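In what follows, a single structure is set out as structure tokens and then discussed.
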Amino acid sequence: LDFDLSIVALQGFISLSETSFLLSKGQSKTINAIFLIDENEEPTVHTGSILVDVGYISKSVNVILTILQRIEEGGGAEEEEEIGEPGGRFLFDLKSELKDDTLNKNQKIIANIDIIEISGLGEIEVLLEYFIKDFENNEIKIGEESLIIDGDEELKRSFNIPQNLELGDYVFFVKLTYRDKIATSTNTFKLIDVTIVYWLWLILLILLILAILFFIFYSERKKKEHVK
């Protein structure tokens with residue numbers, strides 16, 4: 001089989017060791033993905049995918065690329081989704097969690113957001129922005145707020161799902177900004193058509209009832225044949 005690999009929406013950030021190769025039945029191959037991030041790249045989240053074409057069949061592997069804040073002094077590589085100040089001292093750890101990761105358009109995105117204040121700066125103002133991204137790196141801003149925080153904060157927020165979103169896989173993306181420092185957190189979710197799910201469950205229920213009725217009928221018939 002001929003395999004062709006391509007990058008969707010992340011061409012400037014990912015390079016593949018091979019993009020075209022041939023495999024026979026039972027064979028496998030390891031492809032290395034090299035991530036290329038410029039040191040001046042702004043901290044944010046990019047989304048895309050690696051598309052695999054095999055003849056008439058196409059499959060994609062979703063990719064979420066989180067670019068962290070660069071610490072200029074004394075910091076080195078630090079834990080993902082934390083935000084620091086000059087000198088390498090971290091200020092915040094930002095985490096988010098969705099109540100449901102499978103949604104229909106009539107539901108709301110409900111998110112629990114934890115802001116863990118590390119450096120003890122006292123009362124400060126931060127900006128929180130909320131986005132939905134698809135896996136072609138398209139982005140919709142669904143909310144924004146400024147908060148005065150003093151220590152740790154636990155937030156619960158809900159957002160309407162834009163009606164123009166198509167069914168598929170998405171990323172909920174939270175961005176926290178304090179002065180020139182940025183932290184991010186991401187969660188994936190799937191947008192589905194609840195009507196399809198309803199009919200699938202209904203069909204399964206009907207099949208189950210028919211199977212039970214068939215079993216009862218078959219059992220009664222066997223009993224009558226045994227009596228005879």
Side-chain angles (χ1 to χ4, degrees), residues 8-10 13-14 41-51 59-69 79-83 90-118 124-179 181-202 204:
V8 177
L10 294 172
F13 297 107
I14 301 178
E41 194 72 38
E42 179 183 343
T44 189
V45 172
H46 295 283
T47 54
S49 61
I50 299 173
L51 185 64
K59 295 290 184 181
S60 61
V61 179
N62 292 334
V63 178
I64 301 173
L65 175 62
T66 301
I67 300 177
L68 304 180
Q69 185 79 48
E79 184 177 349
E80 182 177 349
E81 297 181 351
E82 292 184 345
I83 181 171
F90 282 97
L91 302 178
F92 297 106
D93 183 11
L94 179 66
K95 297 179 180 179
S96 60
E97 182 178 12
L98 298 183
K99 180 182 177 183
D100 300 298
D101 58 10
T102 302
L103 301 165
N104 65 74
K105 290 188 177 182
N106 296 322
Q107 287 183 275
K108 290 180 178 288
I109 298 173
I110 299 176
N112 295 314
I113 300 159
D114 293 329
I115 304 172
I116 302 171
E117 204 274 331
I118 297 172
I124 58 173
E125 182 176 9
V126 301
L127 174 67
L128 279 172
E129 298 171 277
Y130 307 96
F131 304 88
I132 293 174
K133 295 180 72 82
D134 64 16
F135 282 93
E136 294 182 357
N137 212 30
N138 299 310
E139 180 176 282
I140 299 174
K141 191 171 187 177
I142 56 174
E144 175 183 316
E145 61 180 318
S146 294
L147 289 178
I148 303 296
I149 64 173
D150 185 359
D152 298 348
E153 290 284 344
E154 294 182 2
L155 308 175
K156 185 174 183 178
R157 297 290 186 265
S158 63
F159 307 92
N160 291 321
I161 297 174
Q163 288 300 306
N164 61 342
L165 281 190
E166 298 180 355
L167 305 181
D169 296 320
Y170 291 92
V171 175
F172 173 73
F173 163 32
V174 187
K175 179 180 178 182
L176 183 151
T177 304
Y178 171 68
R179 296 181 179 175
K181 304 302 180 183
I182 296 171
T184 61
S185 182
T186 60
N187 307 94
T188 58
F189 69 94
K190 182 182 289 290
L191 193 61
I192 64 168
D193 186 347
V194 70
T195 305
I196 295 175
V197 176
Y198 170 79
W199 282 108
L200 286 175
W201 278 109
L202 183 60
L204 288 174

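Keep in mind that the numbers below use all heavy atoms, side chains included, and drop hydrogens, waters and symmetry copies. Just so it is clear, the structure is predicted and the values come from calculations on it, not from any experiment.
- Rounded to the nearest 0.5 Å, atoms CG (D134) and CD (E166) are 9.0 Å apart.
- Residues satisfying the side chain to side chain donor-acceptor pair (under 3.5 Å) criterion with E129, sequence neighbours excluded, are K141.
- Here the side chain of S60 pairs no donor or acceptor atom with the backbone of L51 at under 3.5 angstrom.
- For N160, the side chain to side chain donor-acceptor pair (under 3.5 Å) partners two or more places apart in sequence, or in a different chain, are K108.
- A donor-acceptor pair under 3.5 Å is absent between the side-chain atoms of D193 and the main chain of L167, judged by distance alone.
- When atom types are taken as modelled, the side chain of K105 and the backbone of L165 share a donor-acceptor pair closer than 3.5 angstrom.
- The two residues I67 and E42 come nearest to each other via the heavy atoms CG2-O, 3.8 Å.
- Only one option out of N104, I140, I109, I142 pairs with I161 in a side chain to side chain contact (heavy atoms under 4.5 Å, CB included); it is I109.
- E136 pairs by the side chain to side chain donor-acceptor pair (under 3.5 Å) definition with nothing, not counting sequence neighbours.
- When the side chain to side chain donor-acceptor pair (under 3.5 Å) test is applied to K133, the partners found at least two apart in sequence or on another chain are N137, E139.
- In this structure, I113 CD1 and L155 CG are separated by 5.5 Å, a value rounded to the nearest 0.5 Å.
- How far CG of L127 is from CG of L176: 8.0 Å, rounded to the nearest 0.5 Å.
- D114 places none of its side-chain heavy atoms less than 4.5 Å from the side chain of L94.
- Residues satisfying the side-chain contact (heavy atoms from CB on, under 4.5 Å) criterion with D150, sequence neighbours excluded, are E123.
- The distance from atom CG of N62 to atom CG of D169, rounded to the nearest 0.5 Å, is 5.5 Å.
- Summarising the geometry of L10 relative to S49, their closest heavy-atom pair is CD1-N, 4.5 Å, with the distance given to 0.1 Å.
- Within the 4.5 Å cutoff, the side chain of T44 has heavy atoms near those of the F173 side chain.
- Taken from CG in N187 to CG in D100, the straight-line distance is 12.0 Å, to the nearest 0.5 Å.
- The CD1 atom of I115 lies 10.5 Å from the CD atom of E154; values are rounded to the nearest 0.5 Å.
- The ring-ring contact (aromatic ring centres under 6.0 Å, His included) check on F172 picks up F159, with sequence neighbours excluded.
- The side-chain hydrogen bond (donor to acceptor under 3.5 Å, both in side chains) with Y130 is formed by just one residue from the set E145, E144, K175; it is E145.
- Using a 4.5 Å heavy-atom cutoff, the side chains of Q107 and K99 are not in contact.
- When side chains are defined from C-beta on, V63 does not count as touching F135, because their heavy atoms never get closer than 4.5 Å.
- Residues T188 and D101 fail the side-chain proximity criterion, which asks for heavy atoms closer than 4.5 Å.
- Between A111 and L98, the shortest heavy-atom contact is CB-CD2, 3.9 Å.
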